[in-house]
Structure formats: C-alpha cells, structure tokens
Amino acid sequence: MREPVRAIDLLDWYDRHARALPWRVGPAARKAGLRPDPYRVWLSEIMLQQTTVPAVKSYFLDFTTRWPTVQDLAAAPDEEVMAAWAGLGYYARARNLLKCARLIAGDFGGQFPTDLDTLLTLPGVGPYTAAAVASIAFDVPATVVDGNVERVMARVHDEHTPLPTAKAILTDYAAALTPQDRPGCYAQAVMDLGATICTPRNPACGLCPWRKGCAAWDAGTAAELPKKEPRKKKPTRLGIAYLARRVDGAWLLERRPDKGLLGGMLGWPGSDWNDAPKEDPPIRAEWKALNTEARHTFTHFHLRLTVKTALVPMDRTPQRGEFIELSDFRPADLPTVMRKAFDLTQSK
DNA sequence: AAACCGTGGTC
DNA sequence: TGACCAAGGTT
C-alpha cells in the first residue's frame with residue numbers, strides 16, 4: 001500500500017533545500033512574516049516563462065537595478081526596455097511587461113491585484129503567472145501548473161496520457177494537493193522539486209521526499225513521464241540581411257513592427273524569410289555577401305541568413321531604416337539572430 | 001484550437 | 001548537427 005503524497009512532506013523538504021534565488025524570500029524569512037515585493041515576483045515570473053533560471057538571473061538584476069519599482073518601469077521609454085530585454089527571447093513578453101507596468105502604475109494605483117480573476121486580466125499574465133503571483137506574493141492558495149508541476153504530477157500519479165491532452169487532469173491532481181497553509185512556499189517547493197530532483201532526465205528519486213507516494217516510482221516509469229505528443233519537424237527558411245556601415249561608422253538599422261517575430265526589436269533591414277528570399281537592399285550601394293551565413297533556430301523554423309555588407313558615403317539616404325551613430329550602437333541591444341549577423345562582420 | 005513566438009544548454 | 005527541454009501567453 002502506497003503512502004499518500006502530502007504537501008507537508010514537500011514543505012519540510014523545501015525548508016531544508018530551497019534554492020536561493022534573487023527574486024525569492026526563503027522559507028525561514030517567510031515564516032518570520034516576510035513576503036517578496038509583488039513587483040519583483042511578477043517581473044521574475046514573466047522572465048521565467050519558458051526560460052531557464054540561469055538565463056533570467058542577470059536580466060532580473062539589471063531590470064531591478066535600473067527600475068526598482070513598477071512606477072520606474074512604467075516611466076521607462078519603450079526602446080530602453082526592449083533593448084534591456086534583448087537576448088532573452090519571446091519579445092511579446094517585454095511589450096506586455098510595459099503595458100502591464102503602466103496599467104498597474106496608472107489604473108491600479110501602483111498595487112498589484114491579489115485575486116486570480118483580476119490578475120488574469122493583465123497583459124502577459126496567464127493561468128500560470130496569475131497563480132504564481134497570487135501564491136508567492138500574497139499567499140493566496142492558488143495552484144501553479146508549469147512544466148515542472150506537470151512532470152511531477154504525471155509521475156506521482158503514473159499518468160501516461162500524453163501532453164497536452166493530459167494538462168487538465170494533471171491540473172486537477174495539482175490543485176488537490178495545494179495546501180491552505182503556506183501556499184506561497186508550496187508553489188515554489190513543487191517547482192524546486194521538479195527543477196532539482198524530479199528532473200526530465202535522470203530523476204534523483206533516491207532524494208525525493210514524495211518517493212513513498214509516487215506511483216511512477218513503484219512502476220519504474222518515472223524517467224519516461226510525462227508522455228508528449230511528437231513534435232513537428234522544423235522547416236528551414238532562407239533570408240538576406242543587409243548590414244550597411246556609413247563611412248563615419250554609423251550602422252543602418254530598422255525597428256521591427258510590434259506584431260510578429262522579434263516584434264518591437266531593432267534589427268538589420270532584410271528580405272522576408274522563406275524558401276526563396278528576394279533581393280531588397282535598403283540603400284543603394286555595392287553589396288558583398290559574406291562567405292559564411294548566420295544560422296539560427298527559432299521556435300518553429302531554422303533560419304539560414306545570408307549576410308550582405310556595404311560601405312556607404314555620408315550623403316546617401318536610405319529607403320528603409322535609419323543610421324545609428326556608432327556611439328549609440330550596442331550589439332547587445334539586438335535580438336540574438338541579429339547580433340549573430342553582426343558578429344560575422346567583426347570576425348577576421 | 002492549433003499555430004505562433006526566442007534562446008541557450010545538454011545529450 | 002539536431003532534437004529536446006525550460007517557472008507560458010496570445011491569437
């Protein structure tokens with residue numbers, strides 16, 4: 001007979017093994033009555049959407065240093081925030097981040113709502129993030145369901161239904177376990193368990209506080225759960241990027257429209273990305289293709305980008321984009337694919 | 001409701 | 001190289 005899985009056992013484990021993270025108030029301090037700043041909880045949760053903890057850390061420190069409060073962030077210019085987000089990916093998050101910050105600073109008097117329904121109305125805040133903010137910042141007993149929780153629940157219940165079909169049942173399992181006491185610590189504890197013990201590969205079941213209640217442990221199936229529907233193969237698309245350098249060192253760049261891929265970000269003028277991209281240089285010049293192409297993989301396709309360069313005189317006007325002075329140009333402000341193209345012009 | 005939306009690490 | 005994976009949300 002298997003023992004029941006209980007929140008209290010996970011909380012005891014969390015009290016001893018909680019990860020120290022820049023946005024986290026640890027279990028001891030929380031027991032003393034401390035809670036994290038809701039602004040920092042919200043900001044970290046947006047950054048952590050489909051993004052690893054190591055990738056987020058430096059961005060979180062940079063954002064909270066430059067914009068310590070939601071009012072500071074709300075007052076920041078769009079371009080500065082987009083540049084600060086560059087490299088983190090999923091740029092709609094940054095656009096929604098600003099929308100949300102301005103909404104909170106304006107309509108909400110600077111205070112984040114504490115209830116799920118209101119949180120869900122905020123741009124960029126879905127079921128996971130609403131539950132995370134409610135529980136972690138306010139100790140509302142809401143249930144977080146992220147990839148970690150799905151994996152832990154699939155294993156505890158030895159659920160073989162593949163995702164995403166299994167999402168609803170796994171959510172029910174997770175909700176049934178959420179305690180009324182210390183829901184904020186509990187939410188972080190399940191995710192810590194998934195991140196450090198109940199990992200996708202080679203789970204450390206020997207160290208798991210829930211092993212005695214885990215159906216997959218009994219069945220020996222932990223490592224193969226959760227099941228997932230097979231993914232589609234990514235097609236390869238081709239493209240051309242035009243990197244024009246003016247004789248004074250300025251670079252020709254173009255702000256991308258808010259909608260679509262890399263929306264709102266700075267980038268090199270270029271062709272569409274498809275099977276047969278058309279030549280469409282942004283300024284009259286002698287273009288030379290580099291011998292190496294920039295390769296980059298997006299969420300749903302591979303890109304092979306031909307990089308063309310040209311040196312142009314001071315008095316020539318571009319048809320698209322605008323020249324940015326060398327002193328104002330930082331490659332780190334570009335999304336990664338654009339930075340890769342730039343890096344190719346700097347090598348050798 | 002399936003498709004779209006980034007990136008870096010790992011195996 | 002390539003496939004998989006990571007604290008999802010929007011349309």
Side-chain angles (χ1 to χ4, degrees), chain A residues 19 21-24 40-60 82 85-97 99-100 119-137 142-152 163-165 167-168 171 174 184 186-196 198-202 223-224 226-237 256-265 267 273 295-304 332 334-340:
Chain A
R19 290 179 289 175
L21 300 171
W23 46 85
R24 175 175 286 180
R40 294 165 61 88
V41 174
W42 163 75
L43 177 61
S44 66
E45 292 301 342
I46 301 295
M47 288 183 166
L48 286 161
Q49 289 169 4
Q50 297 286 286
T51 310
T52 59
V53 166
V56 165
K57 277 185 179 170
S58 62
Y59 284 87
F60 179 81
M82 298 311 287
W85 196 276
L88 202 52
Y90 285 134
Y91 298 99
R93 291 186 295 173
R95 301 193 302 273
N96 285 328
L97 188 79
K99 272 189 208 165
C100 186
L119 283 165
L120 278 170
T121 68
L122 301 174
V125 176
Y128 164 76
T129 306
V133 172
S135 60
I136 297 171
T143 303
V144 295
V145 183
D146 70 336
N148 287 308
V149 177
E150 289 175 352
R151 184 170 59 257
V152 170
L163 287 167
T165 307
K167 172 95 178 175
T171 298
Y186 176 80
Q188 297 174 89
V190 202
M191 295 191 281
D192 272 22
L193 185 72
T196 65
C198 197
T199 50
R201 288 181 296 263
N202 306 317
E224 63 191 67
K227 302 283 190 188
K228 296 190 176 179
E229 297 288 359
R231 305 186 180 192
K232 288 177 185 170
K233 201 177 151 215
K234 292 178 183 185
T236 297
R237 295 186 193 169
R256 299 173 64 89
D258 273 349
K259 290 229 178 282
L261 193 66
L262 309 179
M265 299 300 290
W273 299 340
R295 287 171 169 264
H296 190 75
T297 298
F298 293 98
T299 308
H300 54 291
F301 65 93
H302 303 288
L303 178 66
R304 290 168 42 189
L334 302 178
T336 299
V337 62
M338 300 296 175
R339 188 179 49 68
K340 282 185 183 176

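Residues that satisfy the side-chain hydrogen bond (donor to acceptor under 3.5 Å, both in side chains) test with A:K167, not counting sequence neighbours, are A:E150. Annotation: side chain to side chain contact (heavy atoms under 4.5 Å, CB included) contacts of A:T143 (sequence neighbours excluded): A:V145, A:A174, A:A175, A:T178. Evaluation of the salt bridge (Lys or Arg N to Asp or Glu O under 4.0 Å) rule for A:R339 yields A:D343 as partners, not counting sequence neighbours. Evaluation of the salt bridge (Lys or Arg N to Asp or Glu O under 4.0 Å) rule for A:K227 yields A:E224 as partners, not counting sequence neighbours. Every residue two or more places apart in sequence or in another chain that forms a side chain to side chain contact (heavy atoms under 4.5 Å, CB included) with A:R40 is listed here: A:D37, A:F60, A:T64. Listed by chain and number, the residues in a side chain to side chain contact (heavy atoms under 4.5 Å, CB included) with A:R19 are A:L21, A:R24, A:V53, A:D192, A:A195, A:T196 (sequence neighbours excluded). When the salt bridge (Lys or Arg N to Asp or Glu O under 4.0 Å) test is applied to A:K228, no partner is found at least two apart in sequence or on another chain. Residues passing the side chain to side chain contact (heavy atoms under 4.5 Å, CB included) test with A:H300, sequence neighbours excluded: A:R237.
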Show the distances under 3.5 angstrom between N or O atoms of the protein and N or O atoms of nucleotides 2-4 of chain C.
none

Extract from the structure each pairing of a protein N or O with an N or O of nucleotides 8-11 of chain C at less than 3.5 Å, listing the distance.
from	atom 1	to	atom 2	distance (Å)
C:dG8	OP1	A:G147	N	3.2
C:dG8	OP2	A:Q50	N	2.8
C:dG8	OP2	A:Q50	NE2	3.1
C:dG8	O5'	A:Q50	N	3.3
C:dG9	OP1	A:G126	N	2.9
C:dG9	OP1	A:G126	O	3.3
C:dG9	OP1	A:T129	N	2.9
C:dG9	OP1	A:T129	OG1	2.7
C:dG9	OP2	A:P127	N	3.4
C:dG9	OP2	A:Y128	N	3.2
C:dT10	OP1	A:G124	N	2.7

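As judged by a 4.0 angstrom heavy-atom cut-off over every strand, A:W85 is placed among residues making no nucleic acid contact. Within 4.0 Å of A:L303, counting heavy atoms only, lies no atom of the nucleic acid at all. Residue contacts shown for A:R151 are limited to sugar-phosphate atoms, with no base heavy atom under 4.0 Å away. Residue contacts shown for A:G87 are limited to sugar-phosphate atoms, with no base heavy atom under 4.0 Å away. Residue A:R19 is in base contact, counting any heavy-atom pair closer than 4.0 Å across all strands shown. As judged by a 4.0 angstrom heavy-atom cut-off over every strand, A:L88 is placed among the base-contacting residues. Residue-level contact check: A:V144 touches neither bases nor backbone, having no heavy atom under 4.0 Å from any strand.
Counting 5' to 3', DNA chain B first comes under 4.0 angstrom of a heavy atom of chain A and last does so at the ends given by B:dA3 to B:dC11.
Remark on DNA chain B: of its neighbouring residues A:G89 and A:N202, the 5'-side contact belongs to A:G89, judged by nearest-heavy-atom nucleotide.
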Side chains of residues 120-134 of chain A: which donor-acceptor pairs under 3.5 Å do they make with residues two or more places apart or in other chains?
from	atom 1	to	atom 2	distance (Å)
A:T121	OG1	A:T118	O	2.6
A:Y128	OH	A:E45	OE1	2.7
A:T129	OG1	A:Q49	NE2	2.9

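Spacing of P atoms, B:dC5 relative to C:dA6, comes out at 22 Å, to the nearest Å. For the P atom pair drawn from C:dG9 and B:dG8, the interatomic distance equals 22 Å after rounding to whole Å.
Remark: side-chain polar atoms of A:R151 are paired, donor with acceptor, to backbone N or O of A:G194 under 3.5 angstrom. In this structure a side-chain-to-backbone donor-acceptor pair under 3.5 Å is missing from A:R256 to A:G267.
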